[in-house]
Structures are given as C-alpha cells and as structure tokens.
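Read through the structure below, which is laid out as structure tokens, and then see the notes.
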Amino acid sequence: MPELPEVETIRRHLEAAVLGRRILAARTHRRDLRRPFPAKLATRITGRRIAALERRAKYLIVRLEGGIALLVHLGMSGRILIGPADARVEPHVHFTLDLDDERRVNLQDPRRFGMVDLVPDDKLAEHPLLRGLGPEPLAPAFNGPALAKMLEGRGTSIKAALMDQRRVAGLGNIYVCEALFRAGISPKRKAGSVTGDRADRLAVAIKTVLADAIDAGGSTLRDHRLPSGELGYFQHHFAVYDHEGEPCPGCDCKTGIKRIVQGGRSTFYCAKRQK
DNA sequence: AACAAGACCTGCATGC
DNA sequence: TGCATGCAGGTCTTGT
C-alpha cells in the first residue's frame with residue numbers, strides 16, 4: 001500500500017489525533033508480521049506517552065517518552081485505524097494500543113508484509129533498516145544535481161533506480177511512474193543518463209507529485225485509509241498509473257498509455273511523451 | 001558489485 | 001457455483 005505520501009498522511013493524522021496520549025495497554029495478536037514482534041513489546045511500551053510522530057522514507061517513527069520509539073512499516077496492505085477501545089478487534093489487526101481517552105490504535109495488515117520494531121532513540125539513526133536509506137525527496141537539499149549524483153554510473157533503468165530506497169527514499173511503484181511521466185522521461189532510460197536539465201526536471205516532478213499526493217491524502221487503490229477510515233483520493237489524479245490502454249493526458253498519440261513489466265512490477269507510461 | 005528473479009502473504013477480479 | 005489464474009502500494013534473500 002503505502003508509499004511516502006500515504007505514510008506522511010497517516011503520520012499527520014496520527015499527530016493530530018494521538019500526540020501526548022498515554023498508552024494504557026498494548027497487545028500483539030500474533031507473534032510476527034514480516035518479522036517477529038520485539039520481545040516483551042507490550043510490557044516495554046505500556047504506560048508511556050506518545051511524544052512525537054515522525055517519518056523516514058516509508059517508515060513511521062512513533063517516539064515514546066522515556067527514550068524509545070516504535071519503528072513501523074506498513075508493507076503493502078498495512079493501515080492504522082483509530083477506533084473505540086471497547087470495539088471488537090477486526091480480522092487482520094495484529095497490534096493494538098489502548099489510549100487514555102478510550103480510543104484504540106489498530107495496526108491492520110492482511111498480507112503481513114509490514115513490521116514493527118522497538119528502538120532506543122539513540123540507536124534509530126544506525127538502525128539497519130534506516131541506515132542505508134537515500135535522501136528524503138521533499139528535503140530542500142534534494143535537487144537535480146543531488147539526484148544526478150545518486151544515479152551516476154547506474155546501468156539499470158531509471159524506473160528501477162528510483163524504486164531503490166538507497167538512491168531516493170520513499171518512492172514506490174505509483175509515484176515513480178507518475179514522476180517519470182511528469183518529467184517526460186522514459187522508464188526504460190538508463191539511470192546514469194539522467195543528468196543536467198533532465199535530472200532537474202525529474203527532481204521537480206518527484207517533489208510536486210509527492211506534495212500533490214499528500215495534499216490529496218494519498219492514493220487509495222485498495223487498502224490505504226486515513227486513521228479515521230477515510231479514503232485518500234490522489235488515485236483520481238493519476239496520469240498513467242493503472243491507465244493501460246487509455247489516452248495519454250499529455251499528448252494526442254494513438255498508442256495511449258502502455259504497460260510493461262520492469263523488475264517484476266508494472267510500469268505505465270506514454271512512449272511518445274516520455275523519452 | 002550490480003542486477004534480476006524469487007519468496008514472503010492474503011484478497012480480489014477475471015475467466016472458464 | 002466453483003475453481004484456477006494473475007495481480008496488488010514492498011522489501012529481503014538468493015542466484016547469475
């Protein structure tokens with residue numbers, strides 16, 4: 001499910017809804033997701049207040065008082081929903097936090113590709129899952145030259161390079177396709193050939209598509225929900241993603257939007273407009 | 001070292 | 001109706 005805009009949307013809504021609340025009870029409802037839940041997780045976080053909500057790439061970081069943080073990844077199908085603390089636990093809800101205002105935070109993830117870890121604040125920066133991540137694309141320092149440098153010498157496709165979290169952090173299949181369309185760059189182009197003006201255009205396209213998607217609450221194809229249960233609606237603004245066979249919104253070409261497979265994932269693009 | 005392919009899981013749409 | 005197939009927002013591991 002979630003790429004950077006979906007995680008950022010969830011982060012913002014959680015910040016408004018649960019910042020400062022105390023965890024009265026925490027429960028895991030199975031022993032693992034993609035990886036095991038940390039040992040004694042519930043015991044170690046019970047009684048603590050939620051001190052900050054942050055995001056790095058597609059990871060949500062829930063800082064708790066006392067110098068520890070939950071590191072959460074939502075995989076493909078994960079959501080975080082807030083509901084009443086006395087409600088029945090829904091199917092596929094694997095982790096719950098009962099708060100001091102009679103509400104419950106539910107982590108629901110049918111495919112269980114997500115994960116939760118518990119990390120001391122001073123160990124976060126060197127955590128194995130965060131250590132190797134590339135730059136945040138919405139940071140001011142991310143620009144054409146910085147992007148070109150990350151892509152320098154890469155023989156792989158620009159599509160595959162942008163999907164690689166070590167190069168740019170937080171992009172996934174949807175927003176890579178959409179950014180390449182906005183920048184007029186073919187997904188098949190060699191990553192290392194994206195330099196100069198092209199890299200400038202791509203950096204701007206990445207920033208704007210992410211910002212637009214965050215403004216729209218992310219994209220709900222199937223699973224993504226805001227913590228309130230509301231849908232995101234950026235899917236209505238896709239130019240190419242999931243639009244195989246439809247006319248290209250940017251030109252009058254006859255072929256329309258094509259779908260190819262790169263690295264086992266669908267890529268959508270306009271062969272005329274993207275070079 | 002870089003890159004592609006396979007594995008991990010469930011649910012849903014499609015077609016026979 | 002039932003069953004098989006393929007596909008889905010991501011990463012991690014394995015093999016070339």
Side-chain angles (χ1 to χ4, degrees), chain A residues 1-11 29-37 55-60 71-80 90-95 107-117 127-134 137 150-180 187-192 206 209-210 212-214 216-226 231-238 240-245 259-268:
Chain A
M1 168 197 53
E3 304 182 35
L4 187 155
E6 288 73 36
V7 179
E8 178 61 20
T9 297
I10 290 167
R11 187 200 70 74
H29 299 265
R30 56 175 295 122
R31 37 152 150 31
D32 59 0
L33 297 178
R34 194 176 82 220
R35 359 180 337 162
F37 283 107
R55 179 191 57 74
R56 173 74 171 110
K58 301 172 192 173
Y59 291 90
L60 184 69
L71 180 62
V72 180
H73 196 290
L74 296 173
M76 290 277 259
S77 59
R79 359 159 125 152
I80 293 177
E90 298 284 318
H92 304 300
V93 168
H94 309 304
F95 182 47
L107 172 62
Q108 185 177 45
D109 183 4
R111 294 177 73 178
R112 306 202 302 273
F113 288 165
M115 65 108 228
V116 175
D117 201 0
H127 192 284
L129 295 173
L130 302 183
R131 201 174 41 206
L133 292 172
M150 299 309 289
L151 301 173
E152 192 178 346
R154 307 273 119 204
T156 192
S157 68
I158 184 65
K159 165 79 187 302
L162 293 178
M163 295 284 285
D164 183 346
Q165 303 297 297
R166 294 169 304 182
R167 316 247 96 76
V168 181
L171 298 177
N173 209 30
I174 292 176
Y175 299 106
V176 167
C177 291
E178 294 294 316
L180 287 170
K188 296 193 276 192
R189 171 177 282 276
K190 270 187 161 192
I206 289 169
V209 76
L210 294 177
D212 291 349
I214 292 169
S219 303
T220 299
L221 294 185
R222 274 169 282 281
D223 300 306
H224 171 59
R225 290 287 134 79
L226 311 196
L231 308 181
Y233 58 89
F234 190 72
Q235 67 279 9
H236 302 304
H237 301 286
F238 291 168
V240 292
Y241 188 85
D242 213 13
H243 284 282
E244 182 183 14
R259 174 184 174 273
I260 59 174
V261 175
Q262 291 178 291
R265 314 293 299 277
S266 291
T267 300
F268 301 89

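Bear in mind the structure is a predicted one, so any value in this text is a computation, not a measurement. Per chain, numbering begins at 1; letters A, B, ... match sequence-line order.
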- Find the distance A:I260:CD1 to C:dC7:P and express it as a whole number of Å. 15 Å

- With heavy atoms under 4.0 Å as the rule, sort A:G155 into base, sugar-phosphate or nothing. sugar-phosphate

- A:H224 atom NE2 is separated from C:dG10 atom P, nearest whole Å, by 13 Å

- Parallel, tilted or perpendicular: which fits the ring planes of A:F234 and A:Y175, with parallel below 30° and perpendicular above 60°? tilted

- Item | Stepwise side-chain hydrogen bond (donor to acceptor under 3.5 Å, both in side chains) test for A:D212 and A:H237 | CA-CA 9 Å; A:D212 291 349; A:H237 301 286; over 6 Å; no

- Query: Has the side chain of A:R56 got a donor or acceptor atom that lies under 3.5 Å from a matching backbone atom of A:L133?
  - Reply: yes

- Task: Can you tell me which stems involve DNA chain B, if a stem is defined as three or more consecutive Watson-Crick or G-U wobble pairs, both distances under 3.5 Å?
- Result: B:2-8 with C:10-16, B:10-16 with C:2-8

- Item | Contact nearer the 5' end of DNA chain B, comparing A:H92 with A:A160 | A:A160

- Task: Write down the atom of A:R11, the atom of A:R55, and the distance for their closest heavy-atom approach.
- Result: CD-N, 3.7 Å

- Task: Would you please test A:D32 and A:R30 for salt bridge (charged side-chain N to carboxylate O under 4.0 Å, His left out) and show each step?
- Result: CA-CA 6 Å; A:D32 59 0; A:R30 56 175 295 122; 3.0 Å; yes

- Task: Examine distances only and state if a side-chain atom of A:Q108 and a backbone atom of A:P91 form a donor-acceptor pair shorter than 3.5 Å.
- Result: yes

- Note on the structure: Of A:G263 and A:R30, the one whose nearest nucleotide on DNA chain B sits closer to the 5' end is A:G263

- Query: How far, in whole Å, is B:dC9 from C:dT14 if one measures between their P atoms?
  - Reply: 15 Å

- Message: Using a heavy-atom cut-off of 4.0 Å across all strands, would you classify A:T220 as base, sugar-phosphate, or nothing?
- Response: base

- Query: If the P atom of B:dC12 is compared with that of C:dT11, how far apart are they to the nearest Å?
  - Reply: 23 Å

- Message: Ring-plane angle category for A:H243 and A:F238, please: parallel below 30°, perpendicular beyond 60°, tilted otherwise.
- Response: perpendicular

- List the atom of A:R112, the atom of A:S77, and the distance in Å for their closest heavy-atom pair. N-OG, 4.2 Å

- Reading DNA chain B 5' to 3', which nucleotide is the first, and which the last, to come under 4.0 Å of any heavy atom in chain A? B:dA2 to B:dG11

- Task: Starting at atom CG of A:D242, determine the distance to atom P of C:dC7, rounded to an integer number of angstrom.
- Result: 13 Å

I'd like a list of close polar pairs between nucleotides 11-14 of chain C and the protein, N/O only, cut-off under 3.5 Å.
from, atom 1, to, atom 2, distance (Å)
C:dT11, OP1, A:H73, NE2, 2.7
C:dT11, OP2, A:K58, NZ, 2.6
C:dC12, OP1, A:R34, NH2, 2.7

- Note on the structure: All heavy atoms of A:S266 vs all of A:N173, minimum pair found to be O-ND2, 3.0 Å

- Query: Under the 3.5 angstrom rule, does the side chain of A:R34 hit a backbone N or O of A:F113 as a donor-acceptor pair?
  - Reply: yes

- A:L180 side chain near A:T267 side chain, heavy-atom distance below 4.5 Å: no

